Each structure stands twice: as C-alpha cells, then as structure tokens.
Amino acid sequence: MMPAGEPEEDERSGGALVSSPPGRVRKIIHIDMDAFYASVEQRDNPELRGKPVAVGYPEARGVVAAASYEARKFGVHSAMPSVTAKRKCPELIFVPHRFDVYRAVSRQIQAIFAEYTPLIEPLSLDEAYLDVTENLKGIQLATEIAEEIRARIRAETQLTASAGVSYNKFLAKIASDQRKPDGLFVITPKHGPAFVQALPVKKFHGVGPATAEKMKRLGIETGADLKSRDLAFLQQHFGKSGPYFYWIARGIDEREVKPDRIRKSVGAEDTFREDVHDLEAARAGLKPLIDKVWHYCEASGIRGKTVTLKVKWADFTQITRSKTIVAPIASAAEMGEIAELLLSPIFPAAKGIRLLGITLSSLDQVDDRSEPQLALAL
C-alpha cells in the first residue's frame, strides 16, 4: 500500500501491477506467539519455568522444533540438530512435542482473532496476519486492537504474544520482531520507507541466509543498498523475487491478507556451505529437511502422497524427481525411504551438489476440520 500523502503509482514490473486506491491505508496486524511450543510446555509444567527448554528429541539425529528464550540465550534455535543444541547448552532440557495441545491452544487464539476481523491469514500454529482496516468492533486504532488481542491471549491462555502493526504485511511482520518477547511495535506510513532503508536485508522476511549472503556479495547489506539497485538488476540476479525485493525496499507491499489459504505443497531446501559429492553427505543434508517438513505435517494435521526431490548442481542447473504413492505417507521414516529412492540413482554424481530440497504434495487433511486451525509454515 502506498504511504499516505504520496502520489499514486501504477507501474507494471515482472507481470505485477502495483497500484493503490487514493487516500486508503490498510491496517495490518501481525501476531506472533513468543516461543510458542516451549512456552506451552513451561506453562503446563511449572518445573520447566525459567529453564532452558527445547521441544524435540535429544537423539543423535534429532532436531530442535522450538526453544525457550532461556535456551535461545545460548544460541539454541529451531531446526538446529539436537547434538549441537546440547553442546551449546549442556543444561538444556528436551521435552517431546505435543502437537495436539499446540493445535488446541492455536484454536483458542484464532477464536480471539475472529472476534475482531474475518480477514485472518494463518502463517503457522503461532502466527497470523489480521486485516483490521474495517473491523467487527468498530475500533479506529489498529494499535488498540493489537493491545486488546494480546491482553486476551494472556488472560485466556496464560501465554504472551508480540504484535507488529503497519500498513502492509511486510512491515507488520518486521514490526512484530522488534520488541520480542511480549511487545508491540508500530511502523506508520510516514516512517515506513525510512525504516526499511535502515534495516539490514538479512532481517527482511523472504531473505534467507543464502539470499542474504548473495546480496552481501553484490554489495547489498541494507534496505538503502537494495533500493539503490534498479529492477532490471534485481531481476537479473534474483529472478522472480526481483520485483518483490524492488518494492519492499521502498516500503511497498500490495499483498492482501488472504483468509483460509489452501496450501498445495510444503517443502524445505538448503544450500550447502560446500558442494556435496557423495551419497552419505547428501543423505545427511536431506535428513533435517525431511524432519522439518514432517514437523509441519504433524503440527497441521495433514498428510501427502507425492514426494519431490530437488537437486541443484554446482553449475546452477537443477533437476527434480518425484514419486507418488497410493496412500498418504504416515511417518517421517516412510517419507525418508521414498526420498532415498529418488536420491540414490543420481549417484555417483558427475558434479557437486549445491542445494537439496524436498517437497510433499497431494496434501489431505487428516484431523478434524470442523474447527479453524493454524498451519505451521516453513
């Protein structure tokens, strides 16, 4: 949405039209629960409160699903191998996940959202966008709504949430990170563009570690650096993401809050620090990606029938291989077996592997859909 008071723009770039109704500024809230899984465990078990907690399993090939703020002080974070987490924090307490409980709490939270607006876009069990431009309670200030929602969440779940308020989704999500945990931050139309320019690009939603490193090599480290590059340059180096980066560098994000998103697939991928040449190393690199996808399946109560392997070679060429089975995949181990069938035939590899990715599609809901629920995004 264009900042208030600026001239309306109507430009076509990368096939996307960017335009704004005159004088209309949206009011978007991004709600993000604080260390959600770990906080639920600490709430339900007083002995865990104030201690470093990781949701997951401590086995050699286990992965941290979530970490409490006490654990994060030691550098422990989600998707980290359990052995690494334990090395960083010897006093770390592992607890098994309870996704049925997390889903139930998530439904409580979404019921609170629904009292203010029907325009709710879930991103995960613990976060969502809300468009409150026109809200059910007739409250003019989005900040007031965000404060009410945070207070309701605390009262009804004994958990804390952080909120970001702004005039588009990109800035609302950035804002919710500014005063975590248990904080509220507002980015106004007047200050949005300047805020973006001062921000390191590695903190931009949509810029992962690999993209941030690529931007750094191109001399792009802040929003101002990104804004200084023209659209052609960004499309050349970042392809379809180029127009997105071009507009967010100017504080512009026209994406609408879309309720009831239907997800067609879920996947994860990783770019290796060094090219992988042997099967064992590739298996090791693929394992945490499978775990990450399966965490999503467990959290959101979905299953899929099609596994797709993505391989990007050192020369940036890439291939995909897929296999579809009759019944929905029932476990991470079964998904791993199918991935192995797709991975093994490419070895011995003629060239190094730069990136591996795994995607699950042909998705179906397997739990009760009678109540609204949030889904865990990757």
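Only a predicted model underlies this, so the values are computations on that prediction, with no experimental measurement involved.
D230 contributes atom CG, which lies 14.0 Å from atom NZ of K227 (distance to the nearest 0.5 angstrom). For the atom pair CZ (F113) and OG (S106), the distance works out to 8.0 Å, reported to the nearest 0.5 Å. Interatomic distance, CZ of R354 versus CZ of F316, reported as 3.5 Å (0.5 Å rounding).
Within 6.0 Å of the NZ atom in K137, the count of heavy atoms belonging to other residues, nucleotides or ligands exceeds 12. No more than 12 heavy-atom neighbours from other residues, nucleotides or ligands sit within 6.0 angstrom of NZ on K202. More than 12 heavy atoms of other residues, nucleotides or ligands lie within 6.0 Å of CZ in R217, so this atom counts as buried by the packing criterion.
I325 and L360 end up in the same hydrophobic cluster when Ile, Leu, Val, Met, Phe, Trp and Tyr side chains are linked at under 4.5 Å. No path of Ile, Leu, Val, Met, Phe, Trp and Tyr side chains, each step under 4.5 Å between heavy atoms, connects L355 with I358, placing them in separate hydrophobic clusters. Cluster membership for I187 and W247, using ILVMFWY side-chain heavy atoms within less than 4.5 angstrom, is shared.
In the model, S228 has no side-chain atom that pairs as donor or acceptor with a side-chain atom of D225 under 3.5 Å.
Ionic pairing of R26 and E256 is not present here: no N-O contact between side-chain nitrogen and carboxylate oxygen is shorter than 4.0 angstrom. In summary, K86 and E91 do not engage in a salt bridge, as defined by a charged side-chain N under 4.0 Å from a carboxylate O. Using a cutoff of 4.0 Å between basic side-chain nitrogens and carboxylate oxygens, K287 and D291 are scored as salt-bridged.
Looking at every heavy atom in both residues, I174 comes nearest to Q178 through O-NE2, 3.1 Å. Residues I139 and N135 share a closest heavy-atom pair of O-ND2, 2.7 Å. The minimum heavy-atom distance between Q318 and K312, with the atom names listed, is OE1-CE, 3.3 Å. Closest approach of M335 to I329, counting heavy atoms only: N-CG2, 3.7 Å. Closest approach of K351 to D315, counting heavy atoms only: NZ-OD2, 3.0 Å. Across all their heavy atoms, F185 and A175 have their closest contact at CB-O, 3.3 Å.
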**Trace of the side-chain hydrogen bond (donor to acceptor under 3.5 Å, both in side chains) decision for T306 with S362** = CA-CA 6 Å; T306 301; S362 304; 2.9 Å; yes

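Using the six-membered ring where Trp is involved, F233 and H237 have ring planes that are tilted, between 30° and 60° apart. Under the 30°/60° scheme for interplanar angles, the aromatic rings of Y37 and F99 are found to stand perpendicular.
Applying the salt bridge (charged side-chain N to carboxylate O under 4.0 Å, His left out) rule to E337 yields no partners; only residues at least two apart in sequence or on another chain are considered. The ring pair (Phe, Tyr, Trp, His ring centres under 6.0 Å) check on F245 picks up F238, with sequence neighbours excluded.
Residue pairs meeting the salt bridge (Lys or Arg N to Asp or Glu O under 4.0 Å) criterion with at least one member in residues 145-158, sequence neighbours excluded: E115-R152, E147-R150, R150-D182, R152-E156, R154-D182.
Tested against F36, the residues I109, T160, V55 include a single side-chain contact (heavy atoms from CB on, under 4.5 Å) partner, I109.
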